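What follows is a set of notes on a single structure, which appears directly below.
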Amino acid sequence: MSTQLALHAVSKAYVHGRVLDQVSCSVRSGERVAVVGENGAGKSTLLRLMAGQERPDDGDLVVTADGGIGYLGQVLDLPDTATVGDAVDAALADLRDLQRRIAMAERELSTADDAALAAYGEMLTTFELRGGYEADARVRSTMSLLGIGELTPQRRLGTLSGGQRARLALAGVLSAEPELLLLDEPTNHLDEAALGWLEVRLRRHRGTLVVVTHDRLLLQRVATAILEVDGDRASVARYGNGYAGYLAEKRAARQRWEQAYAEWVAEIEHWTEWGATTAYRVAPGRAIKDHNKCKYNGDGRRVQASISTRVRSAAERLDRLRAEPVPRPPDPLRLHAPLDSAVREGWVLDVRDVRVGARLQVPELRVAAGDRVLVTGPNGAGKSTLLDVLAGVLAPDEGTVGRRGDLGYLPQETPNDDPGRSLLSAFADGRAGTREEHAERLTALGLFRTADFGKPVGVLSVGQRRRLALARLLVREADVLLLDEPTNHLSLVLVEQLEEALADYPGAVVVVSHDRLFRERWSGTQVALDGGRLLAPVP
């Protein structure tokens, strides 16, 4: 299988810092590769480099795609005055250009030589293989499948919603049938039916696919390989065998780390014991034989020399081990409920006749101790408003909200009120303890490198700020957790660990999530919001 795309020692930096550092990776022809990593890690940068939208600061990037490159950014890069037809033409620009060249060649066929005829035949074959004659019909069909079939070619882009613009761009790039398809978060703004159609369409793509996504179901069903971008280290690692292979390798790496740490600790203990006691057991006290005092004293001196050598050897071995320590693996994520909580039964949240303007109307909602409630509904339905009201962040215009026990809240948007404060200081805010104790606790969570503890919060990426909010939640005790899109902006491994921690958490949980796999695995109650109104529980 030939290489479609190759990066060698590629680096890219912006004003805020280096995003990619000496990155080398490749994508083979026909692969379906997903690019993953938390928000702000550099996924979109990597895709823009592959698409030729940006150039690397250092290193080499080689792309081989005679059948064209299709690139979908997170925004449609056209002015508001442009039309839907302009957007379609931009997406089909390669095919439009190829069609013009074919038409020009056809006008000169009567005088064409063998080379010109061969070139004409190659262009015609390429155009037919890419379905050039049906491209416009494919656009209309795809727009209809994505729920925007009513848009006319004359419609101005400035009159479209963000979701409509995103779906229009997706329809165009898919309909162009490029050999190399580069998609940045194509699942945004799609409903369940459109997501299912997109998965089938991507699996059937006849060329090579590289897609940036946070959608774990799409990863499971489409990706054959994973490229993980690590924002902390500005690196990229490749994993084979799709999402299952990625998770398996992550688990294996964790086990190797735990084993290496256990072996290092055991060696430290062994050589410490050896130097302190074992080395001295080489010659226990004994009586003088044959009254030969001179020989006895000589043997004693040899024994002492042996002890000194062994003690020194043990000390040198300990120095080498401590010079190259194996870091302690982070603790598994765990969410804590108070051990001495008085809230063991009965309700913990009680909502009665609550109204917040036209945004939210909840006649009644009661959450009991240990309950698990998933709040669903389309964007703008009032889900985040409901959680703000439950948390006491937002006071309702009417109605009452009763709360019992300690409450932990992870809002969807992480506030950045003091950007100059250090990461460690922000983590410790409001908690008792010394700086060293806070640093030890944050280190044990494994969410940040100790080298980053002094970074100002203002320079952290979206994903890093989300990890900071999660870290503060993990070190507190709560009878009820309110989680608004808890899987947003986090790495996939961290999302999987958070799900496991939630499964073991004994308290009540009210969660809002668009994560399809999270919702598919949900085993508690579901309630739906639509237009701000709370509907009956979802069966």
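All figures in this text were calculated on a predicted structure; none of them were measured in a lab. Residue numbers count from 1 along this sequence.
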Closest approach of [X] to [Y] (non-hydrogen atoms, all atoms of both residues):
{"X": "V354", "Y": "P396", "result": "CG1-CB, 3.8 Å"}
{"X": "L423", "Y": "L468", "result": "O-CD1, 4.0 Å"}
{"X": "L49", "Y": "L61", "result": "O-CD1, 3.6 Å"}
{"X": "P330", "Y": "G446", "result": "CB-CA, 3.3 Å"}

Might you confirm whether atom [atom1] of [X] has over 12 heavy atoms from other residues, nucleotides or ligands at distances under 6.0 Å?
{"X": "D191", "atom1": "CG", "value": "yes"}
{"X": "E192", "atom1": "CD", "value": "yes"}
{"X": "D418", "atom1": "CG", "value": "yes"}

Salt bridge flag under 4.0 Å for residues [X] and [Y]:
{"X": "D429", "Y": "R421", "value": "yes"}
{"X": "R465", "Y": "E413", "value": "no"}
{"X": "R238", "Y": "E31", "value": "yes"}
{"X": "R431", "Y": "E437", "value": "no"}
{"X": "D515", "Y": "R216", "value": "yes"}

Indicate yes or no for a side-chain donor-acceptor contact from [X] to the backbone of [Y] under 3.5 Å, with no hydrogens or angles considered.
{"X": "E249", "Y": "Y246", "answer": "no"}
{"X": "R167", "Y": "G163", "answer": "yes"}
{"X": "T3", "Y": "A6", "answer": "no"}
{"X": "D388", "Y": "V393", "answer": "no"}
{"X": "K383", "Y": "L529", "answer": "no"}
{"X": "R472", "Y": "A426", "answer": "yes"}
{"X": "R403", "Y": "V348", "answer": "no"}
{"X": "W264", "Y": "L321", "answer": "yes"}

Can you see whether [X] engages [Y] through a side-chain donor-acceptor pair at a distance of less than 3.5 angstrom?
{"X": "N39", "Y": "Q464", "result": "no"}
{"X": "Q361", "Y": "R533", "result": "yes"}
{"X": "Y71", "Y": "Q53", "result": "no"}
{"X": "D484", "Y": "S384", "result": "yes"}
{"X": "R32", "Y": "H205", "result": "no"}
{"X": "Q255", "Y": "Q259", "result": "no"}
{"X": "Q4", "Y": "T208", "result": "yes"}
{"X": "N379", "Y": "H514", "result": "yes"}

Evaluate V351 against V389 for side chain to side chain contact (heavy atoms under 4.5 Å, CB included), listing each step before the verdict.
CA-CA 9 Å; V351 178; V389 169; 5.8 Å; no

Hey, what do you get for [atom1] ([X]) to [atom2] ([Y]), rounding to the nearest 0.5 Å?
{"X": "E185", "Y": "L190", "atom1": "CD", "atom2": "CG", "answer": "11.0 Å"}
{"X": "R467", "Y": "F427", "atom1": "CZ", "atom2": "CZ", "answer": "13.5 Å"}
{"X": "D406", "Y": "L481", "atom1": "CG", "atom2": "CG", "answer": "11.0 Å"}
{"X": "L335", "Y": "E477", "atom1": "CG", "atom2": "CD", "answer": "11.5 Å"}
{"X": "F453", "Y": "H438", "atom1": "CZ", "atom2": "NE2", "answer": "12.0 Å"}
{"X": "E496", "Y": "L494", "atom1": "CD", "atom2": "CG", "answer": "10.5 Å"}

Quick one: list whatever passes side-chain contact (heavy atoms from CB on, under 4.5 Å) with R352, sequence neighbours left out.
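Only D350, E364, R366, T400 meet the side-chain contact (heavy atoms from CB on, under 4.5 Å) criterion with R352.
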
Could you pull out all residues at least two apart from P329 that satisfy side-chain contact (heavy atoms from CB on, under 4.5 Å)?
R254, W257, E258, Y261

One pair to check against salt bridge (charged side-chain N to carboxylate O under 4.0 Å, His left out): R404 and E345. What are the steps and the verdict?
CA-CA 10 Å; R404 295 175 64 224; E345 55 186 23; over 6 Å; no

Minimum side-chain heavy-atom gap L407-L390 below 4.5 Å
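SC-SC contact between L407 and L390 ruled out.
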
Walk me through it: do E38 and R466 pass the test salt bridge (charged side-chain N to carboxylate O under 4.0 Å, His left out)?
CA-CA 9 Å; E38 65 181 28; R466 190 63 165 176; over 6 Å; no

Check the pair D21 / S11 against side chain to side chain contact (heavy atoms under 4.5 Å, CB included), numbers first and verdict last.
CA-CA 5 Å; D21 186 19; S11 296; 3.8 Å; yes

Kindly indicate, with the supporting measurements, whether the criterion salt bridge (charged side-chain N to carboxylate O under 4.0 Å, His left out) is fulfilled by E267 and R317.
CA-CA 9 Å; E267 276 208 84; R317 178 61 177 164; 2.7 Å; yes

Show your reasoning for whether side chain to side chain contact (heavy atoms under 4.5 Å, CB included) applies to L181 and L174.
CA-CA 8 Å; L181 188 57; L174 292 176; 3.8 Å; yes

